[in-house]
Amino acid sequence: MVVLNLQQYPPPPATTRVIAFTTPQNYAGRLSNLIHQKGWDPLWCPTVVVEPTPQTISAIQHYLLPPDSPLHRFSAVAFTSRTGISAFAEALAGISTPPLAADGEIFTVSALGNDSELLSESFTSKLCENPERIRVLVPPVATPSGLVEALGLGLGRKVLCPVPAVIGLEEPPVVPKFLADLARWGWVAVRVNAYETRWRSGVAKLVEKMEEECGVDAIVFTSTGEVEGLLKSLAEVGLNWGMVRGMCPRMVAAAHGPVTAAGAEKLGVGIDLVSSRFDSFDGVVDALECRWRSFE
């Protein structure tokens, strides 16, 4: 666990801690359950909407359609998010024939951490009838840069990258850097906008709770987009991050991994705690528990 900007006073005793989190709906249930398991109260305050659209599904299917699917000219597909996998699976479900032939070179399907749970036999069988042709790759370090290193040298081969189209927010540097890193390793990285990430307005519930003598013990961010979305929503009601810190000086700002933490810091949101286990949400929740136990 890495702790940044560690505040020097412990949080006040509380019977039940309140943990706010800004994840989109597709991740909210998982994180909420982990918070419940610690005996804390989850407060879901989404700041972005993340979902595929008919246009993004169509964009993926362009690479899958028979009789001569463009995907057969690729050597890999690299997923950096769970939503990208879900969108790709939805696109595959609309195709009658697997886009990859049963014979041919090994095709690599890669994903980060627990997202790889979605790369099931059902998923890969829709991609290719021959399971021995598909290699599922999960890098030991669950970051986009870790994925690039695990893929290794591209040697001019093509990799399809299903990533988000960012609407109403600045695109975080994560995806452009990922694509640039792939190019540096000799891959021809082809971007396909597989889903949309859009700002979701509204922080009334969060602000109301904060005004209850800082009734929020921690706020958890799982992406840079969530942080920007929160700042944009706070501005709507005449607040900024400095004012939030003034309202809740003991609130812990936690990030799910170093990529999110770095993005938040660039946006002016100081992060107090970063989990070093970021292959799943268990890491950031356990890190919060460890921090508070250290004050007991």
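In this text the structure is predicted, and so the values were computed from the model without any measurement. In this chain, numbering begins with 1 at the start of the sequence shown.
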Donor on one side chain, acceptor on other, Y195 and S81, under 3.5 Å: yes
Residues which pass ring pair (Phe, Tyr, Trp, His ring centres under 6.0 Å) with W40, listed by chain and number, not counting sequence neighbours: W292
Non-neighbouring partners of F107 that pass ring pair (Phe, Tyr, Trp, His ring centres under 6.0 Å), sequence neighbours left out: none
V174: hydrophobic cluster co-members (side-chain, 4.5 Å): V259
With E196 via side chain to side chain donor-acceptor pair (under 3.5 Å) - residues at least two apart: R198
Residue list, side chain to side chain donor-acceptor pair (under 3.5 Å) with T143, at least two apart or on another chain: S145
Which residues share a ring pair (Phe, Tyr, Trp, His ring centres under 6.0 Å) with F178, sequence neighbours left out: none
Show every donor-acceptor pair shorter than 3.5 Å between a side-chain atom in residues 31-38 and any protein atom, with sequence neighbours excluded, or say none if there are none.
| residue | atom | partner | partner atom | Å |
| --- | --- | --- | --- | --- |
| N33 | ND2 | G29 | O | 3.2 |
| K38 | NZ | D286 | OD1 | 2.8 |
| K38 | NZ | E289 | OE1 | 2.8 |

Q25 versus W44, closest heavy-atom pair with distance: CA-CZ2, 3.6 Å
Could you pull out every donor-acceptor pair under 3.5 Å between side chains of residues 152-162 and any protein atom, sequence neighbours left out?
| residue | atom | partner | partner atom | Å |
| --- | --- | --- | --- | --- |
| R157 | NE | G154 | O | 2.9 |
| R157 | NH2 | L153 | O | 2.8 |

Side chain to side chain donor-acceptor pair (under 3.5 Å) pairs, two or more places apart, involving residues 107-116: T108-R135
All side chain to side chain contact (heavy atoms under 4.5 Å, CB included) counterparts of D103, not counting sequence neighbours: A101
Residue pairs passing the salt bridge (charged side-chain N to carboxylate O under 4.0 Å, His left out) test where at least one lies in residues 166-187, sequence neighbours excluded: E171-R191, K177-D181, D181-R184
Which atom pairs, one a donor and one an acceptor, fall under 3.5 Å between side chains of residues 87-99 and the rest of the protein, sequence neighbours left out?
none

